[in-house]
Amino acid sequence: MGIAVPDVHASGRRTHAQRPLVLGRAGAAAPGRPVMFHHGWPLSSDDWDAQLLFLVQHGYRVIAHDRRGHGRSAQVGHGHDMDHYAADAAAVVAHLGLRDVVHVGHSTGGGEVARYVARHGAGRVAKAVLIGAVPPLMVQTESNPGGLPVEVFDGFREALATNRSQFYLDLASGPFYGFNRPGADISQGVIQNWWRQGMTGSAQAHYEGIKAFSETDFTDDLRAIDVPTLIMHGDDDQIVPIADSAEMAVTLVKNARLKVYPGLSHGMCTVNADTVNADLLDFIES
C-alpha cells in the first residue's frame, strides 16, 4: 500500500508541492488493537517481520511503513528529519483511520514514535514501546556530556559516502547484533538481510538521517508522552548505549517502565525475537 503524504515543514505548515510516497504494510483488520511499527536506520519495515507475524497470529492488526527514503518508499531529496518522519507516520495513521494504537519504535524509530506521540498522537495512541531507542539525545553536548562525540557520527557519514555497501556489511556483521562478541551465534542470513534492507534505500536519505537520529533532542517529546510506555533495552547495546538513552528516557516519561535485557544487543528484536515478542505481547495485553 502506497500512501502519498503531504510535505510538512518544521513549522507544521503543509504544502502539496511534492508528495513523497511512503509504503505501508497494513495487515488485514482483526479484532485486536492495531499495533504500528516504526523501523530503525537504515532499514525498512521488513526488519519487523518476526514481530508482525507473531502479533498477527495473536489476532492483532499490524501496520508497518518504510520511512521516506528507506526501503520501498519514494527516494525523495528532502525532509530527512524527525519532524517529517513523525508527520509521515501521522499521515499513515490518518489514511488508515487508526485509533487506540500501540506504537512500537526501534532505534531511530523510537525517536519517531516519541515525536509522533507528542505532536500528532492526541486521542489516537493507547501505548508506546521504545526498543533500543535513541531518545533523549545521542550526541554529546554541554548539556548531554554522556553522549557520543559528534566524531562518531562524522565517521558514519564518511563511511557511508565512501563505501556504503561495505559500511553496512561491517555494521551488520559486527556491533549491531553483537556478532563481534566472543562466542556469538553468527547468522549470515541475518547479516545479509540487514545489508539488503539498507542497500534498498536512498544513500542521501541515510546520510542525512544520521543527523536526524543523532542530533535531535527528544527531551520535550518524552515529557509530553502521557500514555503507558514500555522501554526495552539490551545492556550490551553497542549502537545506542543504554546509560545515555533508556536509563535517561525512563526518568522523563510520566508513565514509563524500563526493562533491561542482560547481554542483549541493539538487534535483539531479530536475534532474540522470542524474548522480545513475549514481553511486547504482555505489555499490549496488560
CG on D185 to CZ on F179, rounded to 0.5 Å: 7.5 Å

Validation row: T219, L137 side chains within 4.5 angstrom (heavy atoms): no

Would you please classify the geometry between the H120 ring and the Y116 ring as parallel, tilted or perpendicular, with 30° and 60° separating the classes? parallel

Give, for atom OH of Y60 and atom CG of L280, the distance between the pair rounded to the nearest 0.5 Å. 9.5 Å

Report yes if some heavy atom in the side chain of L55 is under 4.5 Å from a heavy atom in the side chain of I284; otherwise report no. yes

CG of L171 to CH2 of W195, rounded to nearest 0.5 Å, is 14.0 Å

Quick one: closest heavy-atom pair of A126 and P228, and the distance? O-CD, 3.5 Å

Where the side chain of T229 meets the backbone of V129, is there a donor-acceptor pair that is under 3.5 Å apart? no

Using modelled atom types only, decide if a donor and an acceptor are shared between the side chain of R124 and the backbone of L98 within a distance under 3.5 Å. yes

Any sub-3.5 Å donor-acceptor pair from D235's side-chain atoms to G263's backbone N or O? yes

Option from Q197, R196, H206 for which side-chain contact (heavy atoms from CB on, under 4.5 Å) with Y168 holds: H206

State whether D226 and K254 are salt-bridged, where the test is any N-O pair (Lys NZ or Arg NE/NH1/NH2 against Asp/Glu carboxylate O) under 4.0 Å. no

In this structure, which one of V240, I131, V271 forms a side-chain contact (heavy atoms from CB on, under 4.5 Å) with H266? V240

Are L281 and V56 linked, directly or through intermediate hydrophobic residues, by side-chain heavy-atom contacts shorter than 4.5 Å (ILVMFWY only)? yes

Min side-chain heavy-atom separation V104-Q51 under 4.5 Å: no

Determine, step by step, whether L252 and F218 satisfy the side chain to side chain contact (heavy atoms under 4.5 Å, CB included) criterion, reporting the C-alpha distance in whole Å, the side-chain angles of both residues, the deciding distance to 0.1 Å, and the verdict. CA-CA 10 Å; L252 297 170; F218 298 97; over 6 Å; no

Side-chain heavy-atom pair V227, N255 within 4.5 angstrom cut-off: no

Interatomic spacing from OG1 in T162 to CZ in R157 - rounded to 0.5 Å: 13.0 Å

Can you confirm whether F167 sits close enough to P42 that some side-chain heavy atom of one is under 4.5 Å from a side-chain heavy atom of the other? no

Measure up the H39 and H70 rings against each other and bin them: parallel (under 30°), tilted (30 to 60°), perpendicular (over 60°). tilted

Would you call R115 and D83 a salt bridge, using N to O less than 4.0 angstrom? yes

Report yes if some heavy atom in the side chain of D274 is under 4.5 Å from a heavy atom in the side chain of V276; otherwise report no. no

How close do I231 and A246 get, heavy atom to heavy atom, and via which atoms? CG2-CB, 3.6 Å

How close do L169 and I191 get, heavy atom to heavy atom, and via which atoms? CD1-CG2, 3.8 Å

Nearest-0.5 Å distance, CG of residue L222 to OG1 of residue T251: 8.5 Å

Euclidean distance, L53 CG relative to D49 CG, rounded to 0.5 Å: 8.0 Å

For V134 versus M138, what's the shortest heavy-atom pair and its separation? CG1-SD, 3.6 Å

Checking side chain to side chain contact (heavy atoms under 4.5 Å, CB included) for the pair D47/T270: CA distance, chi angles, key distance, verdict? CA-CA 8 Å; D47 201 44; T270 297; 3.9 Å; yes

Over 60° means perpendicular and under 30° means parallel, so classify the ring planes of F37 and W48, tilted if in between. tilted

When clusters are formed by joining ILVMFWY residues with side-chain heavy atoms under 4.5 Å apart, either directly or through shared neighbours, do M248 and L230 land in the same one? no

Relative to the ring of H103, is the ring of H38 parallel (under 30°), tilted (30 to 60°) or perpendicular (over 60°)? tilted

With the threshold set at 4.0 Å, does a side-chain nitrogen-carboxylate oxygen contact exist between K211 and D81? no

Would you say W41 and S107 are linked by a side-chain donor-acceptor pair, where the criterion is simply a distance under 3.5 Å? no

Under 3.5 Å, side chain of Q75 to main-chain N/O of G69, donor-acceptor pair present? no

Any luck finding a side-chain donor-acceptor pair between H65 and E112 under 3.5 Å? yes

Are D282 and K259 within salt-bridge range, i.e. N to O under 4.0 Å? no

H233 vs V260, test: side chain to side chain contact (heavy atoms under 4.5 Å, CB included). Steps then yes/no. CA-CA 5 Å; H233 216 106; V260 178; 5.6 Å; no

Donor-acceptor contact present, side-chain N272 to main-chain T275, <3.5 Å: no

Can a side-chain donor-acceptor contact be found between Q140 and N144 if the only test is distance below 3.5 angstrom? no

Quick one: do R181 and D236 make a salt bridge, cutoff under 4.0 Å? yes

Without swapping roles, check the side chain of R99 against the backbone of G123 for a donor-acceptor pair under 3.5 Å. yes

Between K127 (side chain) and F283 (backbone), is there a donor-acceptor pair under 3.5 Å? yes

Under 4.5 Å between any side-chain heavy atoms of L160 and I210, yes or no? yes

Salt bridge (Lys or Arg N to Asp or Glu O under 4.0 Å) between R72 and D46, worked out: CA-CA 10 Å; R72 293 159 294 249; D46 289 354; 2.9 Å; yes

Exceeds 12 heavy-atom contacts within 6.0 angstrom, atom CD of E158: no

Heavy-atom pair with the smallest gap, counting every atom of A172 and Y177: O-CD1, 3.5 Å

Side chains of V101 and R33: does their closest heavy-atom pair fall under 4.5 Å? no

Shortest non-hydrogen contact between I242 and G234, atoms and distance: CB-O, 4.2 Å

Please assess S165 against M199 for the test side chain to side chain contact (heavy atoms under 4.5 Å, CB included), listing each intermediate value before the final yes or no. CA-CA 7 Å; S165 179; M199 293 304 294; 4.0 Å; yes

